[in-house]
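Everything on this sheet refers to the single structure shown next.
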Amino acid sequence: MSQLKIGYSPLSPALAAAGDRRRLLFWAKDKGYELVTDLTKKVDVIVASENSDFNSTSFSQKGVPVVFDLVDAYLSPLNPRDDMARGLAKKLSGQISGNIKPFSHHVRDFCETSSAVICSSPEQEAVIKPFNSNTHVILDSHDEIPLIAPKLNGGTSLRENIILWEGQPATIRGVQKISSILFQLTKEHDLYFDFVTDEKCFQLLGKYFKLDTLQLLKRDLLPIFDRIRITPWTSIGLVESAKKSTISMIPIDLTVPMQKLKPENRLLIMWRLGLPCLTSPSPAYIRVANEAGVKAVCESSKAWLENFSNLLSDPTFAHEEVLRGQNYLSEKHNRQTLLNKWDQVIESVIS
């Protein structure tokens, strides 16, 4: 595969999205492969992101295999109404051609016609495999984020304890699930909260109905709103926020299938940043916490309260939790493992 030319239908036109940088671009750059976003040109293989027009004739070129990089759980929509609304919106906006149908049906059909499908967790793989037996699990690369050694003081030399949350504004609603617990903890431990995220967000298809993220925080987290600050998301900003923080958290709204089936990327990033992390009991977080031997998963309100209190009151325990997490990264999520997995996918369609 030394001269491989790869066609790519990306998540973002400038290839700036994390799902571009941390996935195909990470592998292609390491291998020295040429990426081509103009799919009218001759290529050896095409990789399609979930933002592609699945009905484009570009994906039916004779002799050119197509790999579908499906990182989100679009085969498991929240409900039929929202599924149809997403399909309709993508059609009306010109993001997808062909007949109007639920978006999950577009995704299902493209899985069936693709030469291979990549997903980001074993839980997603189980949903996809009935539609494509050549399905592979590959997480994001986190090489752009430095590996920070945990500190015995819990990661901060400041008098205040800062809880870090990182992610896209669309997932902030998960924090609302534990807002009363966070409010109780602020009275006991003088907590503050740093949300590393985009200052603006869109409520539909990433481009429609613009909203200030601060409005979301005020709406969903009013009891602790006066203790919240937003740090605009950049890799540098995330690292600086992590260095000032004591603990990180990933509460999830598990009633939303897309959220419930998300992979463990955010947890691994928090460990990489040297922070202990508490999470909701999603399948991916339960699996990884068990494998790493950490007490990250909070099954109940009582568990959230107790686990936060344990980490805040026992710096040695917090330090050990991060060390276990970073050992897991070294064994299960290292650079060469990810590169090998991408090799295996491409070899499976061009050999």
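Residue numbers run from 1 in the order of the sequence given.
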Please determine whether residues [X] and [Y] belong to a single hydrophobic cluster, defined as Ile, Leu, Val, Met, Phe, Trp and Tyr linked transitively by side-chain heavy-atom distances below 4.5 Å.
X: Val345; Y: Phe26; answer: yes
X: Ile172; Y: Trp304; answer: yes
X: Ile118; Y: Val47; answer: yes
X: Leu24; Y: Val137; answer: no
X: Val175; Y: Leu311; answer: yes

Under the criterion salt bridge (charged side-chain N to carboxylate O under 4.0 Å, His left out), I'd like the reasoning laid out for Asp253 against Arg173: C-alpha separation, chi angles, the key distance, then a yes or no. CA-CA 7 Å; Asp253 185 351; Arg173 179 55 62 89; over 6 Å; no
Short question: side chain of [X], backbone of [Y] - any donor-acceptor pair under 3.5 Å?
X: Ser121; Y: Pro263; result: no
X: Asn334; Y: Ser330; result: yes
X: Ser245; Y: Ile247; result: no
X: Thr213; Y: Asp198; result: yes
X: Glu321; Y: Lys295; result: yes
X: Gln344; Y: Leu339; result: no
X: Ser120; Y: Val71; result: yes
X: Ser248; Y: Pro276; result: yes
X: Asp20; Y: Leu11; result: yes
X: Ser56; Y: Asp53; result: no

- Show your working on side-chain contact (heavy atoms from CB on, under 4.5 Å) between Ile145 and Leu238 and close with a plain yes or no. CA-CA 9 Å; Ile145 298 169; Leu238 176 60; 4.2 Å; yes
Check this for me: does any side-chain nitrogen of one of [X] and [Y] sit under 4.0 Å from a carboxylate oxygen of the other?
X: Glu264; Y: Arg287; answer: yes
X: Lys262; Y: Asp72; answer: yes
X: Asp109; Y: Lys101; answer: yes
X: Lys31; Y: Asp343; answer: yes

Is a donor from one side chain sitting under 3.5 angstrom from an acceptor on the other, for [X] and [Y]?
X: His136; Y: Asn134; value: yes
X: Glu306; Y: Asn310; value: no
X: Asn51; Y: Ser49; value: no

Identify the two heavy atoms, one from [X] and one from [Y], that lie closest to each other, and give their separation to 0.1 Å.
X: Ser309; Y: Glu188; result: OG-OE1, 4.5 Å
X: Val239; Y: Leu273; result: CG2-CD2, 4.0 Å
X: Ser52; Y: Ser9; result: OG-OG, 2.7 Å
X: Gln124; Y: Ala73; result: NE2-N, 4.2 Å
X: Pro65; Y: Gly63; result: CD-O, 3.5 Å
X: Gln326; Y: Ile148; result: NE2-O, 2.8 Å

In the structure I gave you, are the side-chain heavy atoms of [X] and [Y] within less than 4.5 Å of one another anywhere?
X: Thr186; Y: Asp190; value: no
X: Val67; Y: Ser114; value: no
X: Asn161; Y: Tyr192; value: no
X: Met270; Y: Glu166; value: yes
X: Tyr8; Y: Val43; value: no
X: Glu320; Y: Val294; value: no
X: Leu75; Y: Phe131; value: yes
X: Asn79; Y: Pro77; value: no

Gap separating the [atom1] atom of [X] from the [atom2] atom of [Y], nearest 0.5 angstrom:
X: Leu221; Y: Leu216; atom1: CG; atom2: CG; value: 9.5 Å
X: Lys332; Y: Leu268; atom1: NZ; atom2: CG; value: 11.0 Å
X: Asp82; Y: Ser104; atom1: CG; atom2: OG; value: 11.5 Å
X: Lys243; Y: Leu275; atom1: NZ; atom2: CG; value: 11.5 Å
X: Leu329; Y: Trp271; atom1: CG; atom2: CH2; value: 7.0 Å
X: Thr255; Y: Leu78; atom1: OG1; atom2: CG; value: 7.0 Å

Show the numbers, then the answer: is there a salt bridge (charged side-chain N to carboxylate O under 4.0 Å, His left out) between Asp69 and Arg23? CA-CA 9 Å; Asp69 191 21; Arg23 298 185 65 76; 2.8 Å; yes
Exceeds 12 heavy-atom contacts within 6.0 angstrom, atom [atom1] of [X]:
X: Lys260; atom1: NZ; answer: no
X: Glu112; atom1: CD; answer: yes
X: Asp38; atom1: CG; answer: yes
X: Lys29; atom1: NZ; answer: no

Subject >> Member of Tyr74, Phe59, Phe103 meeting the ring-ring contact (aromatic ring centres under 6.0 Å, His included) criterion with Phe110 >> reply: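 Of Tyr74, Phe59, Phe103, ring-ring contact (aromatic ring centres under 6.0 Å, His included) with Phe110 is met by Phe59 alone.
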Cationic tip of Arg227 above Phe193 ring, under 6.0 Å, 45° of axis
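Because its charged atom misses either the 6.0 Å distance or the 45° angle limit, Arg227 does not stack over Phe193.
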- Tell me whether the guanidinium CZ or amine NZ of Lys5 lies under 6.0 angstrom from the six-membered ring centre of Tyr33 and within 45° of its axis.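 No, Lys5 and Tyr33 do not form such a contact.
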| Trace of the side-chain contact (heavy atoms from CB on, under 4.5 Å) decision for Phe308 with Leu191 | CA-CA 11 Å; Phe308 265 122; Leu191 299 183; 5.6 Å; no
Run the side-chain contact (heavy atoms from CB on, under 4.5 Å) test on Leu139 and His333 for me, step by step, so that the C-alpha distance in whole Å, both residues' side-chain angles and the decisive distance to 0.1 Å come before the verdict. CA-CA 8 Å; Leu139 281 170; His333 191 255; 3.8 Å; yes
### Residue pair Trp342, Asp30: steps toward the side chain to side chain donor-acceptor pair (under 3.5 Å) verdict
CA-CA 11 Å; Trp342 275 98; Asp30 180 89; over 6 Å; no
Exercise for review: Test Ile252 against Thr279 for side-chain contact (heavy atoms from CB on, under 4.5 Å), laying out the working first.
Suggested key: CA-CA 8 Å; Ile252 302 170; Thr279 79; 5.8 Å; no
